Every structure is written in C-alpha cells, then in structure tokens.
Amino acid sequence: MNLQEVQRYLSLYQLEKNESEAWLTNRLHEIKAVGEYIPTTEELTFGAQVAWRNSNKCIGRLFWQSLHVVDARDTLDEQAIFEKLLMHIQFATNNGKIRPTITVFAPGRVRIWNHQLIRYAGYETAEGIVGDPHSVSFTKICESLGWKGEGTAFDVLPLVVQVDERSPQVFSIPQESILEVPIRHPEREEVDALGMKWYAVPIISSMRIQMAGIDFQAAPFNGWYMGTEIGARNLADHDRYDILPAIANIFGLDTTKQASLWKDRALVELNIAVLHSFKEDGVSIVDHHTAAQQFKLFEEAEATAGREFTGNWSWLIPPLSPAATHIFHKPYVNVYNTPNYFYQKPPY
Ligand code: ARG
C-alpha cells in the first residue's frame, strides 16, 4: 500500500463528494489498521470517473460523470469473467444507444489479453494481410491457443482471459452479442458493395486504471465512437484497412496526382458514409465538429470547478479538418494527474 497515494486520493474524494474532515480521518484510520486500502464500490466508481476526466487524449470527456461502473473484483473464475465481459458488451451496446461503461476486476490477479473486447483479426497471407493489420500479432496468439478464424476481413477475435499464473483461456463471443454497422454511402451504392463494416462499441481492454496507488490491470471501458476514428483511421490508414484508393475509384478521382487531393476527397466521402450508416442504424456516434463543441463545454465546466485543465493536443485534434475546431488553435498542458488510465506491457 502506498499510504501517500491513498491519502491523496481520499482527500480528493472527500473534497468532491463533500465528505467531512472526520470522515477522512476515520477512513484513513481504518485503512492503517487493516494495512491495506480496498476501495469501497463508491470510491472505485468515483476513481474510474475521475480517471476519464483526467484522460488527456480523450475529446469525449464532457460525459465523465455518466460512466457506469461495474465492480467485478470478486469475479476470479475464467468462465465467470467471460460472462461479465459479455454482460459489459450487452449493457454498453444497449441496442445501439451506447452507454459508457467500465468493468473493474481484481487488481493484480486478472488480465484480459485483448486490446479491445471486440476487434477484427488480421492474417498474414501470401497476398498480403487480410483483416486488420493492427491485430496480426494478437491473432497469432489466439491461433496458438487453439482458436481458428474464418479468414474474412472482419472476423471478431475471441476473448482471452487470464487469472493469476494459470494459462489463459479462450472464449468466442456469440455473434448475437456483437452489434456491427455495414458502411454505406448516402448517394453512392458502389460504396456499400465494398463490404466494409465496423463494430458499434470500442471497449479498450489493454489499459490499466491507476487510483490511490493501486493498479487495476483488467478494467475494460468504453464510450461511443467519434466518426473519424473509423473513417479517417481504422478504414483509411495505409497500414490499416487502406480503403481510400477504392473510394477514390468509385468517385472517379484522379489518383495519379497528389495535387488532385483525391485522398482528402475520399476521406470526406468515407467519413460521410460512416456517420450516415451509424445514424441510420440508430447506433451512437459523434462527428468531430460536435465532439469539439462538447469538449469546449468540458473545458468550461472544468474552469468553473476551479481545476487546472490538462490535455494532449496531438491526440485531441481530430484527424480530419483539425483547424476547423477550436482545439487546434490553443495549447494544452499535458500533465498526467491520477486517477488515470495508462498503457501497460501486453501479457504476451
Ligand atoms: N481509436 C480506437 C478505435 O478506433 C478507439 C479508442 C477509444 N475511442 C472512443 N471513442 N472511446 O478502435
């Protein structure tokens, strides 16, 4: 136990939750007597929400207080953990009306090997990579653990769960638990024929949450997508699905000259298609202009609360038309306060 960190954390809790001085003294007394700090579910909930508030890379932080926190610290059986993960997927997906959710497992005991709970496999083949190149190494791990995908460009990877030093267990996610959106363009049916799709809910499962000096290595969390994450990165990046040349072809753009700005025009059409498809299917998504406006409200709310604002400019600016948002035009202080979400070494 890091008593200084516990004190710091509980002082923040006391301040923001309007607890009394006596409450704090008493709580610290208790903790010292036990010799270990085990957050109550309320303390855990607040910590996870503040960790979101402190996430400098995230443009969606206005909604930090709405984070739904599931306390799963007592779940230590692989099958039961898998079921908690399915419940997370179902609760968060909510038939498309996505709810920001985190499920927190026992610190130091549980690891989820996946980068996100729902993610597409990537296979190295003689004809190049099929699927998501981002997943190639994890896909190999899943195969070495006995899983075999169909080999399409959009195979959902299985969940890989590890408890203590036991060997990891592999669980397939039932298809009916996975909401996906076929990508189509409001004006050009040829885009639909490309067969692109994306899953509805990005649930990051590779990061740890740190609060009061405790590391929770398994704490999958989600919000909803900003359109550009899919339309300007996942489907567009040259080292991801690399779909821009196909879009340019459909729109008859001149790909022989950089200066025709075919990439820029294809990017805009692809992002229109992503937003249109999610909206039409009733799946929560936000465009980058609206997200930037919401982020401005968050900055203002933080100022009103008297807190020093922190952010990571290079992550906050959207990858499409960044200078059309206010974020581009001002500096942000990238100091990492805790509680927060951090990267950690993959377990494989
Ligand atoms: N950028 C990641 C992806 O495209 C998801 C990161 C979290 N995004 C979010 N909107 N909460 O899969």
Side-chain angles (χ1 to χ4, degrees), residues 48-49 51-69 88-89 91-94 96-103 112 114-122 131-136 138-139 153-154 156-157 178-181 183 196-209 219-243 267 270-271 273-275 277-279 283-292 294-295 298 311-312 314-320 322 325 327 340-344:
Q49 292 172 341
W52 185 6
R53 186 175 85 199
N54 285 334
S55 292
N56 290 356
K57 293 170 178 169
C58 178
I59 193 174
R61 287 181 276 164
L62 175 64
F63 304 101
W64 66 274
Q65 290 167 98
S66 73
L67 181 65
H68 176 78
V69 182
H88 182 131
I89 291 171
F91 181 87
T93 305
N94 192 27
K97 219 185 145 14
I98 295 171
R99 294 185 278 216
T101 305
I102 183 170
T103 302
I112 296 156
N114 307 64
H115 164 62
Q116 292 183 26
L117 296 188
I118 298 170
R119 194 72 163 168
Y120 298 123
D132 194 342
H134 182 262
S135 299
V136 166
F138 181 63
T139 302
F154 298 99
V156 173
L157 288 159
I178 305 164
L179 183 59
E180 294 178 291
V181 179
I183 306 302
M196 289 183 290
K197 60 175 173 176
W198 205 255
Y199 50 88
V201 194
I203 313 169
I204 301 285
S205 50
S206 56
M207 293 175 84
R208 64 186 160 94
I209 174 170
F221 61 85
N222 73 277
W224 49 78
Y225 266 116
M226 181 164 84
T228 55
E229 297 183 86
I230 302 167
R233 303 298 313 280
N234 299 343
L235 295 176
D237 276 1
H238 185 56
D239 61 0
R240 297 291 299 288
Y241 279 83
D242 195 21
I243 207 78
L267 270 169
L270 179 56
N271 278 274
V274 167
L275 292 168
S277 307
F278 272 66
K279 285 241 147 64
V283 177
S284 306
I285 194 158
V286 66
D287 67 84
H288 48 295
H289 303 291
T290 304
Q294 292 169 342
F295 188 70
F298 172 62
N312 183 339
S314 72
W315 274 69
L316 289 169
I317 56 163
L320 208 59
T325 71
I327 303 171
N340 214 321
Y341 299 98
F342 293 97
Y343 297 140
Q344 57 186 339

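Just follow the structure's listing: the first ligand is 1, and inside any ligand the first atom is 1. Counting from 1, the numbers follow the sequence of the chain as shown. As the structure is a computational prediction, the values presented were derived from the model and not from experiment.
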Touching ligand 1 at all, Q116? Heavy atoms, strictly under 4.0 Å? yes
Could you walk me through whether S206 and H115 pass side-chain hydrogen bond (donor to acceptor under 3.5 Å, both in side chains), step by step? CA-CA 5 Å; S206 56; H115 164 62; 3.2 Å; yes
Atoms in ligand 1 with a heavy atom of N234 nearer than 4.0 Å: 3 (C), 4 (O), 12 (O)
Applying a heavy-atom cut-off of 4.0 Å, say which part of M207 lies close to ligand 1: side chain, backbone, both or neither. neither
Would a distance-only check, ignoring hydrogens and angles, find a side-chain to backbone donor-acceptor pair under 3.5 Å from R99 to F91? yes
For the pair F154 and Y241, name the ring-plane relationship: parallel under 30°, tilted 30 to 60°, perpendicular over 60°. parallel
Can a donor-acceptor pair be found, under 3.5 Å and without considering hydrogens, that links the side chain of N340 to the backbone of N54? yes
Closest non-hydrogen protein atom to atom 8 (N) of ligand 1, residue and atom name please, with distance? E229 OE1, 2.8 Å
Is it true that H88 and N222 share a donor-acceptor pair across their side chains at a distance under 3.5 Å? yes
With heavy-atom distances below 4.0 Å as the criterion, list the atoms of ligand 1 near W224. 9 (C), 10 (N), 11 (N)
Any Y199 heavy atom less than 4.0 Å from ligand 1: yes
On a heavy-atom basis, which atom in A48 and which in I102 lie closest, and how many Å separate them? CB-CG2, 4.0 Å
Sub-4.0 Å atoms of ligand 1 with respect to non-hydrogen atoms of Y225: 3 (C), 4 (O), 10 (N), 12 (O)
